[in-house]
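Everything on this sheet refers to the single structure shown next.
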Amino acid sequence: MPTNSPQLWLVKSEPDAFSWQDLVDSKGKRTHWDGIRNYQVRNFMRDDIKKGDLLLYYHSNAKPPGVVGIAEVVKESYPDHTQFDPKEKKFDPKSKQDSPTWLMFDLKAKRKLKKFVPLQDLKDNDKLAEMLVVQKGQRLSIQPVEQKDWDEVLRMGGL
DNA sequence: GCCAACGTTGGC
DNA sequence: GCCAACGTTGGC
């Protein structure tokens, strides 16, 4: 059952590595979401993430952690070049040029939340009890988000 | 800085 | 195929 509506996701980024502001400062230019080395996340990129999908941009390992803004997928997944470069920290000697193991996609900043929504507020909101990001031990750097949870987070963020 | 949760690796 | 050891994530 195909649908025209974009899929919804949450992506985690450490602000020390690449913050929301860094994404904004790229001036809508495509930014590579590279360095993902987790098979479950790779499969999301390979199978599900489409151009036009929307993403909650979440700051992890931040003080405090939480959702900052909304980003948009501008290019669907393609091979992550860092896996082939021995100088890269994310170099993967097992990955072959003709069948790359790892993928990345491109995104741009779309809209900042009026209010930052800290993780603690997500946890305190009973409506979001099933949202993945509030689950203990949830480490996926890309997570699918339900429409109802998406709407609730945006409401909390003043949009 | 600590450590729980979880994924990956490798010996057997 | 099992599972201990190890590495990483990420909240606190």
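For the numbers below, each heavy atom of this structure counts, side chains included, while hydrogens, waters and symmetry mates do not. What you are looking at is a predicted structure, and each value in this text was computed from that prediction instead of being measured. Letters go in sequence order (proteins before strands), and every chain restarts at 1.
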Residues of residues 122-138 of chain A with any non-hydrogen atom less than 4.0 angstrom from an atom of DNA chain B: list those, numerically ordered, please. A:K136, A:G137
Which pairs would a plain distance check flag for residues 143-153 of chain A, meaning a side-chain donor or acceptor within less than 3.5 Å of a matching protein atom at least two apart in sequence or in another chain?
residue : atom : partner : partner atom : Å
A:Q143  : OE1  : A:V133  : N            : 3.2
A:Q143  : NE2  : A:L140  : O            : 3.2
A:Q147  : NE2  : A:D151  : OD1          : 3.0
A:E152  : OE1  : A:R155  : NE           : 3.3
A:E152  : OE2  : A:N125  : ND2          : 2.8
A:E152  : OE2  : A:R155  : NH2          : 2.8

B:dT9, OP1 or OP2 - any side-chain N/O from A:K94 closer than 4.0 Å? yes
Would you please name every residue forming a side-chain hydrogen bond (donor to acceptor under 3.5 Å, both in side chains) with A:Q138, sequence neighbours left out? none
Just to verify, what does A:F18 make a ring pair (Phe, Tyr, Trp, His ring centres under 6.0 Å) with, not counting sequence neighbours? none
Give the other cluster members for A:Y39, using side-chain heavy-atom distances under 4.5 Å between Ile, Leu, Val, Met, Phe, Trp and Tyr residues; answer none if it is isolated. A:W102
Closest nucleotide of DNA chain C for A:K63 versus for A:K90: which of these residues is on the 5' side? A:K90
Test side-chain contact (heavy atoms from CB on, under 4.5 Å) applied to A:S60 - qualifying residues, sequence neighbours left out: A:K12, A:E14, A:Y58
Quick one: salt bridge (Lys or Arg N to Asp or Glu O under 4.0 Å) partners of A:D53, sequence neighbours excluded? none
Scan the side chains in residues 113-120 of chain A for donor-acceptor partners under 3.5 Å anywhere in the protein, sequence neighbours excluded, and list what turns up.
residue : atom : partner : partner atom : Å
A:K114  : NZ   : A:G158  : O            : 3.2
A:Q120  : NE2  : A:D124  : OD1          : 3.1

Atom CD1 in A:I70, atom CG in A:L10: separation rounded to 0.5 Å? 11.5 Å
N/O-N/O pairs, protein side and nucleotides 1-8 of chain C side, under 3.5 Å:
residue : atom : partner : partner atom : Å
C:dT8   : O2   : A:R139  : NH1          : 2.5

Could you note down all residue pairs passing salt bridge (charged side-chain N to carboxylate O under 4.0 Å, His left out) where residues 71-88 of chain A supplies at least one of them, sequence neighbours left out? A:R37-A:D80, A:E72-A:K110, A:D85-A:K87
List in numerical order all residues of residues 77-85 of chain A for which some heavy atom is under 4.0 Å away from an atom belonging to DNA chain B. none
Contacts of A:H32 that satisfy side-chain hydrogen bond (donor to acceptor under 3.5 Å, both in side chains) - sequence neighbours left out: A:Y78, A:D106
Judged by each residue's nearest nucleotide on DNA chain B, which is more toward the 5′ side, A:N61 or A:N38? A:N61
